[in-house]
Structures are given as C-alpha cells and as structure tokens.
Amino acid sequence: MTGDPLEEVRARAARLRGRTERVRLGRITVRDLCRYAIAVGDDGYAVAARAAEAADRPVAAPPMFLTGILSWQDGPPEGELRPDGLGVRESPCTEGLPVRQVHGGQAVRLLAPVEAGMTIHAERSLTGADRKRGKAGDFVVLGLRTEYFDEAGTPLVVSDESVIVLGDADEA
C-alpha cells in the first residue's frame with residue numbers, strides 16, 4: 001500500500017494493464033431482452049419481441065443491451081456493496097480503498113446483430129489509469145475496454161469506457 005489511495009489505484013492498475021479477463025456471460029433469452037427494454041422504458045419492444053418469439057422469428061436485442069447490463073450475475077447483497085453503490089466486480093483496482101467512483105463516459109461500436117439464443121462471452125481489460133487534477137482535487141481516470149463475442153468468436157460489440165475514481169471526501 002502506498003498510503004495515498006489514488007496512487008494505490010494507479011499501482012494496482014499498472015499490475016493489471018495488458019491482462020484480459022474472459023468471461024462466459026451466458027445464453028441470452030427473450031426474457032432478458034424484454035426485461036432490459038422495459039427497464040429502459042421501451043414497453044413496445046417487449047410486445048414485439050414476444051410476438052416474434054411466438055411466430056418463431058429471430059428476436060434481435062435492443063442496440064445497447066450488452067453494454068447496458070452492469071453485471072450478469074445475480075449481484076451482491078446490499079450489505080456487500082461499496083459506499084458508492086457498486087459491487088467489487090464493477091470497481092476495478094479499488095477494493096478496500098477509501099475512494100468513490102463515477103462513470104466518466106462510454107464509446108460503443110456495434111459490430112454485428114445480437115439475438116436471443118446467442119451465448120455471449122466478454123473480454124475485459126484495463127487500458128489505462130491516469131492521475132489528473134481538477135477544481136475539487138486529484139482523481140484517477142481508469143480506461144476499460146470490454147469486447148463481446150458470440151459462441152463462434154464473432155465480434156459483436158466493443159465498449160471503451162472511463163471510470164473516474166475520487167478520494168473519499170469523508171476520509172480526508
């Protein structure tokens with residue numbers, strides 16, 4: 001430990017940079033797609049998807065479905081969430097540190113259609129960790145890349161996102 005939580009985030013990131021984590025996310029169901037669409041306010045999608053399913057037609061996922069899922073697991077119990085509301089899996093390089101995070105932005109490239117019935121794999125890697133200074137103080141910008149593939153290895157979506165890690169004001 002460096003004693004400086006933001007410097008510790010950078011040190012942890014340096015150890016992870018260049019490593020890729022491959023995860024089998026699972027088979028997408030029409031129910032998954034409908035739940036996502038309803039959660040983002042697209043009730044009409046669910047009606048159309050169920051009709052396509054009943055007619056034995058392919059059901060295409062909403063465009064941002066893959067990148068809109070924060071976690072593919074059931075999720076941690078509320079008591080295991082970090083103070084910023086995130087689980088450890090969604091908080092790279094920050095476990096046990098007095099920091100909080102906010103989403104900094106996301107660039108998404110849609111490469112191929114995603115449909116119900118596909119089994120999805122994701123490869124996630126840390127692409128950078130830059131310390132910066134703003135009006136409110138220092139922060140670290142983590143760069144993350146997630147690439148999604150179907151079971152045959154066809155690239156479906158690439159997401160580059162940034163997470164801003166701030167020192168916890170309560171700890172200062």
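Both backbone and side-chain heavy atoms feed into the values below; hydrogens, waters and symmetry mates do not. Here the structure is a predicted model, which means the values were calculated and not measured.
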Heavy-atom closest pair (Gln101 atom, Thr94 atom, distance to 0.1 Å) is NE2-OG1, 3.7 Å

Which atom of Pro5 lies closest to which atom of Pro98, heavy atoms considered:
CG-CG, 3.7 Å

Please examine the side chains of Asp42 and Pro62, heavy atoms only from C-beta on, and report whether any two atoms are closer than 4.5 Å.
no

Distance-only, no hydrogens or angles: does the Thr127 side chain make a donor-acceptor pair with backbone N or O of Gly143 under 3.5 Å?
yes

Arg27 and Gly117 have their tightest heavy-atom pair at NE-O, 3.4 Å

Hydrophobic cluster membership, with links at side-chain heavy-atom distances under 4.5 Å among I/L/V/M/F/W/Y: are Val108 and Phe149 in one?
no

Glu123 side chain to Thr20 main-chain N or O, any donor-acceptor pair under 3.5 Å?
no

Taking the side chain as everything from C-beta on, heavy atoms only, tell me whether Tyr45 gets closer than 4.5 Å to Val40.
no

I want to check something: taking the side chain as every heavy atom from C-beta on, are Asp130 and Val140 in contact at a cut-off of under 4.5 Å?
no

Decide yes or no for Thr146 and Thr67: does some side-chain heavy atom of the first lie under 4.5 Å from some side-chain heavy atom of the second?
no

For the residue pair Tyr148 and Val114, establish whether any side-chain heavy-atom pair is separated by less than 4.5 Å.
no

Are Val30 and Ile38 connected in the hydrophobic side-chain network, where two residues link if heavy atoms are under 4.5 Å apart?
no

Lys/Arg N to Asp/Glu carboxylate O, Arg131 vs Glu7, below 4.0 Å
yes

Flag the pair Arg50 / Arg31 as yes when at least one side-chain heavy-atom distance between them is below 4.5 Å, and no otherwise.
yes

Taking Val59 as the starting point, is it possible to reach Val47 by hopping between hydrophobic residues whose side chains are less than 4.5 Å apart?
no

Can you get from Leu166 to Val141 by hopping between Ile, Leu, Val, Met, Phe, Trp and Tyr side chains that sit under 4.5 Å apart?
yes

Expected output: side-chain Arg24 to main-chain Thr119 donor-acceptor under 3.5 Å:
no

Close side-chain approach of Leu156 and Leu111, heavy atoms under 4.5 Å:
no

Chi angles and distances behind the side chain to side chain contact (heavy atoms under 4.5 Å, CB included) call for Phe65, Val157:
CA-CA 10 Å; Phe65 171 74; Val157 176; over 6 Å; no

Would you kindly confirm whether Ile120 and Val158 end up in one hydrophobic cluster when ILVMFWY residues are joined by side chain heavy atoms under 4.5 Å apart?
no

Minimum heavy-atom separation for Cys93 to Val9, with atom names?
O-CG2, 3.6 Å

Specify the closest pair of heavy atoms between Gly104 and Ile164, including all atoms of both residues, with the distance to one decimal.
CA-CD1, 3.9 Å

Are Leu97 and Arg12 side-chain neighbours, meaning at least one heavy-atom pair lies under 4.5 Å?
yes

